[in-house]
**Q** 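Can you keep this structure in mind? I'll have questions shortly.
Hydrogens, waters and symmetry mates are skipped; everything else that's a heavy atom, side chains included, is used.
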Amino acid sequence: MAPKAMKAMKAVTSISKTGLAEAVATATELKKSDIMKVLTSLAEVVQKEVKKTGKVTLPGMCMVKTRLKPATKAGKREMFGKVCVVKAKPARTVVKAFPVA
């Protein structure tokens, strides 16, 4: 029996900053411009704290952390049964977000 063809996934778009501001403004009965200022300042504060401490928790939403990915050596690796030549990559810091219950 032949496997069924997979359907193409639809591109999912997340809510924009303006859309988020409109939703919060209607829920809280505040001006949209005030909400935009709050979102902008929140982004600045979170960015500054992540750079300084490496970890920020937004209560009820998420925790943003930085993680140091180690450097990789150059050489040959077997991937999916084939031997591939890979380049060396330097160590780098990545930012991850985790949900908070």
**Q** Starting from Leu58, walk the hydrophobic network (Ile, Leu, Val, Met, Phe, Trp, Tyr; side-chain heavy atoms closer than 4.5 Å) and list everyone else you reach, by chain and number.
**A** Leu42, Val46, Val50, Val56, Met61, Val64, Val95
**Q** Does atom NZ of Lys31 have more than 12 heavy-atom neighbours, drawn from other residues, nucleotides or ligands, at distances under 6.0 Å?
**A** no
**Q** Could you pull out all residues at least two apart from Thr28 that satisfy side-chain contact (heavy atoms from CB on, under 4.5 Å)?
**A** Val24, Leu30, Ile35
**Q** Do you know which two heavy atoms are closest between Ile15 and Gly19, and how far apart they sit?
**A** CD1-C, 3.6 Å
**Q** Please list every donor-acceptor pair under 3.5 Å in which a side-chain atom of residues 76-87 meets a protein atom from a residue at least two apart or in another chain.
**A**
residue : atom : partner : partner atom : Å
Arg77   : NH2  : Lys73   : O            : 3.2

**Q** Using a 4.5 Å cut-off between side-chain heavy atoms of Ile, Leu, Val, Met, Phe, Trp and Tyr, which other residues end up in the same hydrophobic cluster as Met63?
**A** Phe98, Val100
**Q** Enumerate the residue pairs fulfilling salt bridge (Lys or Arg N to Asp or Glu O under 4.0 Å) with a member in residues 38-64, sequence neighbours excluded, ordered by first and then second residue.
**A** Glu49-Lys52
**Q** Atom OG1 of Thr53 and atom NZ of Lys65: how far apart are they, to the nearest 0.5 Å?
**A** 11.5 Å
**Q** Considering non-hydrogen atoms only, spot the tightest contact between Ala21 and Lys32 and give its length.
**A** CB-CG, 4.1 Å
**Q** Report the distance from atom NZ of Lys96 to atom SG of Cys62, rounding to the nearest 0.5 Å.
**A** 14.0 Å
**Q** Looking at residues at least two apart in the chain, or sitting in another chain, which of them share a side-chain contact (heavy atoms from CB on, under 4.5 Å) with Val94?
**A** Arg67, Lys69
